[in-house]
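One structure below.
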Amino acid sequence: MIMPLAAPLTRVVLPFSLALVAVGGVGSGGSRSALAQEASSTQTLTTPPATEIRDAPTAMLAAAQVGTTVAINGSTFSMPWMQVNGQVGLVDYGVTDRLGATLLSTSNPQVQPVQWFAVPGASPIMLSAWHHNGYRFLDISPLAQGAGWTVTPQGSTLAITTTPAQVQSIRRDLQPGRDRIILDVTGRPAVQLNEGVEELTLTLSATSASSLTAQANTLTQNRSGGIVTQVQANPASQRTELAVRFTGNTLRPRVQTLPNQVILEFRPDHLQPHTIAWAPGLRWRQQYISVGGTAFPVYWLEIAANQDQLSLRPIWADPSTMVGIAPLQTMGQRWQAIAAINAGFFNRNNQYPLGAIRHNTNWLSSPILSRGVIGWNDSRSVALERLHLRQTLTTANGRSFPIQGTNSGYVEAGIGLYTPAWGTTYRPITGNEIVVTVVNDQVVNQQTVTDRDAVSIPSNGYILAHRSYATAAVALTPGTDLAIQSETLPASLEPFRHIVGGGPLLIRNQTMVLNAEAEQFSRAFATQAAPRSAIATNAAGDILLVAVHHSPAGPGPTLNQLAQIMAQLGSTNALNLDGGGSASLYLGGRLINRNSRTAGRVHNGIGLFTAE
């Protein structure tokens, strides 16, 4: 689905060559649109009306050209792009990370204002926006027009050729709490930022003045403290690469493009507040929120209660098994979610889930320790409670045994139930275990195995892992018929098709209910200051996906501080999710709350999907 564009029927002058040719991908054919002809420096073109995309999305997709590679002056990198109806769209993080533009607040999901080589406060450049396959694309034609660039689809690659520019000098502006590297430039080069951990590469599509390397070396030699520790200029024929090292692995560099300047800024309070209507019914917000005089950077997504085109579903690292972890960014792309947040706890060593995951009424992993969960239906009804699942195994002759958990890495003495959702095989978690295989509700085999053995899980049955529970094993001989009964406590959570666990609960019915001890979290966990993730609802029924990070003055929030932050966001109900290195908020192909290189791999999350 392509969201409708807001651009009215207008006449625009393009002083650059915009060659749009038929390429491989969706609906590529032999015909060429009017824009497939190379435009002269004075050619006048017509921007298509929004209704053409709104009323005929199938026809527009049939004429679309798509690709996964972008080349700037011959240097290539992976990035989605899309050309449709005469508009060349680059995925929105490409406009910021590869071209150097800054996204500004907007209440219109069909138009994204940006600041690019202009003074702050000047009239922004308005880019049309649309969505496809979980990405938001921004039409870069106005940027290319203003800079005189050539933009040409070539197969699956979008080739961008910039006009000549030069980095004339480099200098430093060091002030208390702030460290800036200022590049004086001519023209409007593409500005590409590649973040590492305490290091980065800034690449400009510009040549270098002969003295630039010496100037950069002087900055390093005379750094006199500050955040930046090393600056190295690496000129090339058509680009200038700046390698920068800095202190503080929680810092995010900020790039700003001004007339004749590119500024690379480091500061503890690096968050740029904004509110962006990213899609109909979905707002991306970020700002500082203070608790007890300490400000924390807060990133969150607001999902409107009345938006039927958006739905939430649990997601996990590998759709074929409950074993495994992956970066949330990878997970979001794999599931083609437009947004996602990390969710429940897990064992990072063996990569097993430690909490509730219910998908379409099926328990992929059972809840543990009566901890907090969020449940929801496709009708958008939502509940947050502390949950216990009582499961009982009953034989045909009336004997009953409790099941300790389903597809769970949390193990105690008793019976563990493992279904095909766990994967094709099961390896004992506690060493020697008695494993009973059940097919079509009848025991077919019983064996003692070690953690070196893999036991097949039948596609039409399950296995029962007995841990220090020989009494039950004696009763489950081959040929025994079995039944499993489940009871959800509280019963009010039973109707919810989807449930994901976390904990502890922070807010319920507008009241602070934080009690880590009641949910069997350790005192150290309860008092730890760290990055946090949370999910909440507000009085309007909107759902909030929230990530909170380190304060500019110190560490991230404690659970109590997180609860207060969630209250300030208007939460009527709120649940803490896994945090620390796991705290990740994904939107449209990238993490929006942190450098992806600092994010840990996670087991599961909550994904946001469109009707497409």
Side-chain angles (χ1 to χ4, degrees), residues 2 5 7 11-48 53 60-101 114 116-117 125 127-130 132-133 135-165 187-192 203-207 236-239:
I2 299 179
L5 300 182
R11 310 280 294 181
V12 296
V13 178
L14 303 182
F16 64 100
S17 172
L18 179 58
L20 303 176
V21 297
V23 300
V26 179
S28 61
S31 63
R32 289 169 38 167
S33 70
L35 285 182
Q37 309 298 324
E38 184 171 308
S40 70
S41 60
T42 58
Q43 183 177 3
T44 301
L45 301 175
T46 300
T47 301
I53 293 181
M60 297 312 303
L61 280 174
Q65 302 172 3
V66 298
T68 57
T69 303
V70 175
I72 298 180
N73 296 338
S75 297
T76 62
F77 46 87
S78 298
M79 185 161 290
W81 63 271
M82 184 177 188
Q83 182 272 323
V84 61
N85 206 21
Q87 295 178 305
V88 183
L90 191 62
V91 70
D92 60 357
Y93 62 85
V95 175
T96 58
D97 296 353
R98 297 295 179 175
L99 303 186
V114 300
W116 193 61
F117 288 105
I125 301 172
L127 307 182
S128 295
W130 67 93
H132 182 58
N133 282 348
Y135 296 105
R136 182 175 75 144
F137 294 92
L138 303 180
D139 179 20
I140 64 172
S141 302
L143 303 181
Q145 172 186 350
W149 295 354
T150 299
V151 181
T152 312
Q154 298 175 346
S156 63
T157 298
L158 183 68
I160 300 175
T161 303
T162 66
T163 50
R188 299 184 186 182
V191 181
Q192 304 176 49
T203 304
L204 281 67
S205 60
T207 59
S237 59
Q238 297 186 67
R239 69 181 187 274

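Model, not experiment: these values are computed from the prediction.
Here the CH2 atom belonging to W116 is positioned 6.0 Å from the CZ atom belonging to R188, to the nearest 0.5 angstrom. Separating the CG atom in L138 from the CE atom in M82 is a distance of 13.0 Å, to the nearest 0.5 Å. Rounding to the nearest 0.5 angstrom, the gap separating the CE atom in M79 from the OG1 atom in T69 is 10.5 Å. With values rounded to the nearest 0.5 angstrom, Q83 atom CD is found 11.5 Å from T152 atom OG1.
Below 30°, between 30° and 60°, or above 60°: for F137 and W130 the angle between ring planes is below 30°, a parallel geometry.
The shortest non-hydrogen separation linking G187 to A165 is CA-CB, 4.3 Å. The two residues W81 and G155 make their nearest non-hydrogen contact at CZ2-O, 3.8 Å. Scanning both residues, L90 and V70, for their nearest heavy atoms gives CD1-CG2, 3.5 Å. When every heavy atom of T207 is checked against every heavy atom of S237, the shortest pair comes out as CG2-O, 3.4 Å.
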Side-chain atoms of residues 91-100: list all donor-acceptor pairs with protein atoms under 3.5 Å, sequence neighbours left out, distances to 0.1 Å.
from	atom 1	to	atom 2	distance (Å)
D92	OD2	R136	NE	3.1
D92	OD2	R136	NH2	3.3
D92	OD2	W278	NE1	2.9
T96	OG1	Y93	O	3.0
R98	NH1	Q192	OE1	3.1
R98	NH2	N194	OD1	3.4

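Taking 4.5 Å as the limit, every side-chain heavy atom of W149 sits out of range of all side-chain heavy atoms of I72. At a threshold of 4.5 Å between non-hydrogen side-chain atoms, the residues P153 and L158 count as touching.
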Run the side chain to side chain contact (heavy atoms under 4.5 Å, CB included) check on I160 and I140 step by step: do they pass? CA-CA 11 Å; I160 300 175; I140 64 172; 4.1 Å; yes

Can you list the steps and then say if V114 with L143 is a side chain to side chain contact (heavy atoms under 4.5 Å, CB included)? CA-CA 10 Å; V114 300; L143 303 181; 4.2 Å; yes

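Distance alone, capped at 3.5 Å, places no donor-acceptor pair between the T150 side chain and the T161 backbone. With T163 contributing its side chain and A147 its backbone, the two residues share a donor-acceptor pair below 3.5 Å.
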